[in-house]
Amino acid sequence: TGKIEFGPYDGGFLGDQFYGGKILMNVITESKLGPRGLYQLDTNTGQVTCLFKTTDFLQYKDNWFGKDDPIMWSFTHSKYSVDGSFLAFTVDSGPGGGQHLFICRADGTELKIWNKLEKDIGADKPLHFLWYDTDTFCGVDQDTEDMTPNNLYVKRWDRFGSYIEILAGP
């Protein structure tokens, strides 16, 4: 119809997909919504909820490379799992930093880092990751610490970073 139903919202952009009428919003600057963070817009009700602020990730900064100041951080690549029960997103730690992959339940609980090493957190995430099913990811293996060659193959891992299989090769 061309009618604006919600917003307009400033300071960010929509996540990579939606589920059940909900869309993730990556707010990368201070905005009318609130501080930098990961928000969820429920298109059924118009309600916007802040799931995480960048400052919620201060506890991880000593284990990753990048800027120490959360004003330099942003959320990107936010995605719902295929059944909407989990979220995956990256926290970009600013210029010269990396994108650090996190996974949690759709309500923001059970936050986990997609990394087994607990060092340089998230730096070993797959490139261009997608949910394969409710519990696994697929993506390009450029620099993952999964004890397999980093050979640009498309591989599959569980939510905790354990290698499962090769899906495609170069």
OH (Tyr9) with more than 12 external heavy atoms under 6.0 Å: yes
What pair of heavy atoms forms the shortest contact from Ala88 to Leu101, and how long is it? CB-CD1, 4.3 Å
Tell me, with the steps shown, if Arg156 and Asp133 meet side chain to side chain contact (heavy atoms under 4.5 Å, CB included). CA-CA 10 Å; Arg156 186 171 159 216; Asp133 56 30; 3.3 Å; yes
Pairwise distance OG1(Thr136) to CZ(Phe160) - rounded to 0.5 angstrom: 12.0 Å
For Phe102 and Phe57: C-alpha separation, side-chain torsions, deciding distance, then whether ring pair (Phe, Tyr, Trp, His ring centres under 6.0 Å) applies. CA-CA 10 Å; Phe102 289 86; Phe57 293 83; 4.8 Å; yes
Phe137 and side chain to side chain contact (heavy atoms under 4.5 Å, CB included): which partner among Ile164, Asp158, Ile103? Ile103
Say you draw a straight line from SG of Cys104 to NZ of Lys112; how long is it, rounded to the nearest 0.5 Å? 11.0 Å
Please evaluate residues Phe75 and Val91 with respect to the criterion side chain to side chain contact (heavy atoms under 4.5 Å, CB included), reporting the C-alpha separation (whole Å), side-chain torsions for both, the decisive distance (0.1 Å), and the verdict. CA-CA 5 Å; Phe75 290 86; Val91 178; 3.8 Å; yes
If you compare all heavy atoms of Arg36 against all heavy atoms of Met72, which two are closest, and at what distance to 0.1 Å? NH1-C, 4.5 Å
Is there a path of hydrophobic side-chain contacts, each under 4.5 Å between heavy atoms of I/L/V/M/F/W/Y residues, joining Ile28 to Leu41? no
Does anything in residues 20-49 pair up under ring-ring contact (aromatic ring centres under 6.0 Å, His included), and if so which pairs, sequence neighbours excluded? none
State the CZ-CH2 distance between Arg159 and Trp131, to the nearest 0.5 angstrom. 6.0 Å
With side chain to side chain contact (heavy atoms under 4.5 Å, CB included) as the test, would you mind laying out the steps for Leu87 and Leu51 before giving the verdict? CA-CA 11 Å; Leu87 305 176; Leu51 299 173; 3.6 Å; yes
With sequence neighbours left out, what residues match Thr134 under side chain to side chain contact (heavy atoms under 4.5 Å, CB included)? Val82, Asp83, Ser85, Phe86
Rounded distance (nearest 0.5 Å) linking atom NE2 of His77 with atom CD of Gln99: 4.0 Å
Salt bridge (charged side-chain N to carboxylate O under 4.0 Å, His left out) against Asp56, all qualifying residues, sequence neighbours excluded: Lys53
Quick check for you: to the nearest 0.5 Å, what is the distance between Ile71 atom CD1 and Thr54 atom OG1? 7.0 Å
Looking only at non-hydrogen atoms, find the nearest pair between Ser93 and His100 and report the distance. OG-NE2, 2.9 Å
With sequence neighbours left out, the residues meeting side chain to side chain donor-acceptor pair (under 3.5 Å) with Thr109 are Asp107
Donor-acceptor pair, distance only, cut-off 3.5 Å: does the side chain of Tyr163 make one with the backbone of Ile166? yes
Roughly how far, to the nearest 0.5 Å, is OH of Tyr80 from NZ of Lys22? 6.5 Å
Residues that Gln59 engages under side chain to side chain donor-acceptor pair (under 3.5 Å), provided they are two or more places apart: none
So, is the end of the Lys79 side chain (NZ or CZ) under 6.0 Å from the ring centre of Phe129 and within 45° of the ring's axis? yes
Between Thr43 and Phe6, what is the shortest heavy-atom contact and its length? O-CZ, 3.2 Å
Can you name the residues that form a side chain to side chain contact (heavy atoms under 4.5 Å, CB included) with Ser78, not counting sequence neighbours? Leu24, Asn26, Leu38, Phe89
Between Leu111 and Phe52, does a side chain to side chain contact (heavy atoms under 4.5 Å, CB included) hold up when you go through it step by step? CA-CA 10 Å; Leu111 182 67; Phe52 296 104; 4.0 Å; yes
Do you know which two heavy atoms are closest between Val27 and Ser31, and how far apart they sit? CG1-OG, 3.7 Å
For Tyr19 versus Gly84, what's the shortest heavy-atom pair and its separation? CD2-CA, 3.5 Å
